[in-house]
Amino acid sequence: MGIKDLLRFLKPYIKPIHIKKYAGKRVGIDAYSWLHKGAYSCSMEICLNMEGHKKFQYLNYFMHRINLLRHYKITPVVVFDGGNIPCKDATGLERDRRREVSRGLAMDKLKEGNVNAASELFQRAVSITPSMAHQLIQILRSEDIEFVVAPYEADAQLAYLSSLEVDNGGIVAVVSEDSDLLAYGCPAIVFKMDRYGNGEEIVLNKIFESSDHVPSFRHFDIELFAGMCVMAGCDFLPSVPGIGIVKAYSLVSKYRNLDRALSVLKFEKGNQMPEDYLKSFREAMAVFQHARIYDADSKSLKHIKPLPEKLLQSLDQDLDFLGPEMPPSMAAAIAKGDLDPSTMEAFDHCPSSTTYLKFSMKFQTCDQLPRQEATAISTEETCFSIISSHKARKERTAEMGWIAMLEEGKYSNEAMKLEKLVSPLSTQSIEESTKITDEISLKAPDNNPFRKRKLAELELDQLENVTEQLSVVTEAEKMEISWVKTESQESVDSKPIKMMMTDGKKRAKSEKLKRDNCLNSENKKSSILNFFCRV
DNA sequence: GGTTTGTTCAAAT
DNA sequence: TGAACAAACC
């Protein structure tokens with residue numbers, strides 16, 4: 001979901017680009033966005049866990065795009081989401097609830113025999129399971145595509161990778177659909193990349209440096225920008241009623257200081273502001289600035305940016321809202337895709353086996369994991385090598401060729417003929433190789449077992465104290481507010497930021513569409529050529 | 001009149 | 001789930 005209306009608000013800074021702009025570079029991929037889009041074409045098959053290869057269509061979709069990047073000599077780095085962080089639970093639970101409702105309705109339609117209506121509802125019911133992500137991971141391994149599973153938010157991991165030098169595993173841009181990346185400070189993001197590589201790019205520095213665009217962010221830095229995002233409403237904290245991106249921008253750009261902007265907000269909307277809003281605001285800011293990520297260098301959990309002592313104190317040393325700390329062995333096992341980040345169970349590698357390793361979920365034991373388990377995870381063979389240890393690498397590559405070919409339905413006859421020349425794999429053998437963990441339900445519980453402990457432990461009166469301190473506005477502040485309020489009104493009213501498209505822009509858009517269509521047919525040709533070359 | 005909020009429709013093949 | 005549009009609100 002990201003930041004409400006942010007992309008629409010930043011329209012003047014969005015530039016159409018083609019992904020080949022990043023030829024020769026390392027580019028991060030937000031796995032979830034492509035997995036989710038890919039799942040549309042086979043949502044019913046996924047929801048009902050139907051037999052046949054169609055339920056793996058999302059893998060074709062994903063690998064088609066990976067191959068597109070490789071065709072343009074881009075090195076993809078795929079980043080998966082890990083566990084949920086506590087403050088995101090509310091939005092997550094609501095989404096799950098809606099999916100369940102859609103699923104129920106879909107089943108009803110199916111019983112009535114209305115497959116079309118059911119199919120439409122299944123599209124709303126489909127969710128990306130750890131098992132689906134893991135199936136993709138196995139293909140990425142076999143194709144030598146770099147990937148990492150973030151301990152928590154993939155966005156945070158992507159922003160962290162963006163801050164690294166290329167030599168240290170850094171990336172220069174991210175392909176995603178999630179506007180949160182901007183709040184995390186990700187320097188370059190490509191949104192809405194289509195199957196030909198056309199997309200829309202936002203470069204963060206251009207936003208801060210440009211002087212001839214409205215809205216102007218000349219006097220913003222990344223902290224103010226993130227503050228504006230949180231105020232406008234994000235996944236970690238809904239906005240105060242009546243506050244959207246335009247009002248949030250007005251407040252932050254006027255005072256150029258988040259505490260002041262919040263004071264004014266409290267003065268104006270205090271009656272509609274939840275008691276703990278200021279505390280939640282600080283926490284949401286801390287997520288964007290100091291989220292926990294996996295550091296491949298030290299092979300352990302780190303913060304994007306270390307927390308200053310002052311901030312730690314104001315948060316009462318309690319960082320569980322960022323997702324709980326975990327031992328390096330566990331973070332590394334998650335990052336490598338060996339451990340399900342939601343259940344903390346090892347992914348089962350062998351379809352015939354029903355036994356699996358299980359990490360102790362108690363926080364207390366995290367620092368001293370049973371040595372056997374830790375070494376078992378870190379030294380065992382990767383899941384794909386176990387499944388396919390009897391399979392030559394050549395055959396696996398051929399398999400991928402088959403999957404990619406399948407996507408180009410029109411050319412499948414030619415593709416299959418060519419494929420048979422390379423390797424006489426039957427459809428069935430591919431189904432078997434991709435059917436890995438379906439027997440075991442890996443449905444992730446939405447909450448992380450770690451997080452409950454600390455809350456329970458925390459003294460209630462301490463909690464109240466913190467809330468009180470954060471929500472109190474002193475007399476001095478009140479005086480300042482009454483002073484700034486008059487100026488605030490002036491600033492908000494004198495420079496309204498229009499978010500509606502003018503007719504001129506609409507015309508420009510339809511002309512752009514025409515141009516894109518021409519470009520698309522060219523790109524499609526090269527894309528198809530690419531697949532034949534691979535086989 | 002401008003902004004927020006609610007509703008509808010398309011997405012992939 | 002996001003984008004576009006319509007209605008409601010200030």
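Just so it is clear: chains get the letters A, B, ... in the order the sequence lines come, proteins before strands, and each one is counted from 1. Being a predicted model, the structure only gives us computed values, none of them experimental. Note: hydrogens, waters and symmetry copies are ignored here, and every other heavy atom, side chains too, is used.
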Query raised in the report: Got a sec, which residues hit ring-ring contact (aromatic ring centres under 6.0 Å, His included) with A:Y184, two or more places apart in sequence or on another chain?
Result: A:F288
Report summary line: Ranking C:dT1, B:dT13, C:dA3 by distance to the side chain of A:Y40, first place goes to C:dT1
**Report entry** Length of the line joining A:Q57:CD and B:dA11:C1', which is rounded to integer Å
**Finding:** 15 Å
Query raised in the report: Rounded to the Å, how far apart are A:F62 CZ and B:dT13 P?
Result: 14 Å
Report task. Given side chain to side chain contact (heavy atoms under 4.5 Å, CB included), test A:L7 with A:F9 step by step and report yes or no. Result -> CA-CA 5 Å; A:L7 292 183; A:F9 192 60; over 6 Å; no
Report summary line: Which of C:dA3, B:dT4, B:dA12 is nearest the side chain of A:K247? It is B:dT4
Query raised in the report: Do A:S210 and A:H213 have a side chain donor and acceptor closer than 3.5 Å?
Result: yes
Query raised in the report: Which of parallel (below 30°), tilted (30 to 60°) and perpendicular (above 60°) describes A:Y40 and A:H36?
Result: perpendicular
Report task. Round to the nearest Å and state the distance from A:E200 atom CD to C:dG2 atom C1'. Result -> 12 Å
Extract from the structure each pairing of a protein N or O with an N or O of nucleotides 5-8 of chain B at less than 3.5 Å, listing the distance.
residue, atom, partner, partner atom, Å
B:dT5, OP1, A:G242, N, 2.9
B:dT5, OP2, A:K4, NZ, 3.1

Query raised in the report: Can you find a side-chain donor-acceptor pair between A:E201 and A:Y22 that sits under 3.5 Å?
Result: yes
Report summary line: Sequence neighbours excluded, the answer for side-chain hydrogen bond (donor to acceptor under 3.5 Å, both in side chains) partners of A:D180 is none
**Report entry** Candidate nucleotides C:dT1, C:dA4, B:dA12, ranked by approach to the side chain of A:K11 - the nearest
**Finding:** C:dA4
Query raised in the report: Atom CH2 of A:W34 and atom P of B:dA12: how far apart are they, to the nearest Å?
Result: 13 Å
Report task. Quickly work out the A:L59 CG to B:dA12 C1' distance and round it to whole Å. Result -> 14 Å
Query - Secondary-structure string, 5' to 3', Watson-Crick or G-U under 3.5 Å, | for another-strand partners, for DNA chain B - result: ||||||||||...
**Report entry** Selected nucleotide, minimal atom distance to A:R95 side chain, candidates C:dT1, B:dT13, B:dT4
**Finding:** C:dT1
Query raised in the report: Per the atom types in the model, does the base of B:dA12 pair as donor or acceptor with the side chain of A:Q123 at under 3.5 Å?
Result: yes
Query raised in the report: From the list C:dA3, B:dT13, B:dA11, which nucleotide is the closest neighbour of the side chain of A:K192?
Result: C:dA3
Query - Integer-rounded Å distance: C:dT1 P and A:R97 CZ - result: 12 Å
Report task. Find the distance A:D235:CG to C:dG2:C1' and express it as a whole number of Å. Result -> 13 Å
Query raised in the report: Any chance NZ of A:K15 has more than 12 other-residue heavy atoms, nucleotides or ligands included, within less than 6.0 Å?
Result: yes
Query - Residues in ring-ring contact (aromatic ring centres under 6.0 Å, His included) contact with A:F220, at least two apart in sequence or another chain - result: A:F217, A:Y249
Query raised in the report: Roughly, in whole Å, what's the span from CG in A:L265 to C1' in B:dT4?
Result: 15 Å
Requested in this report: Hey, which sits more toward the 5' end of DNA chain B by its nearest nucleotide, A:R124 or A:K54?
Outcome: A:R124
Query raised in the report: Mind checking what makes salt bridge (Lys or Arg N to Asp or Glu O under 4.0 Å) contact with A:K37, not counting sequence neighbours?
Result: A:E177
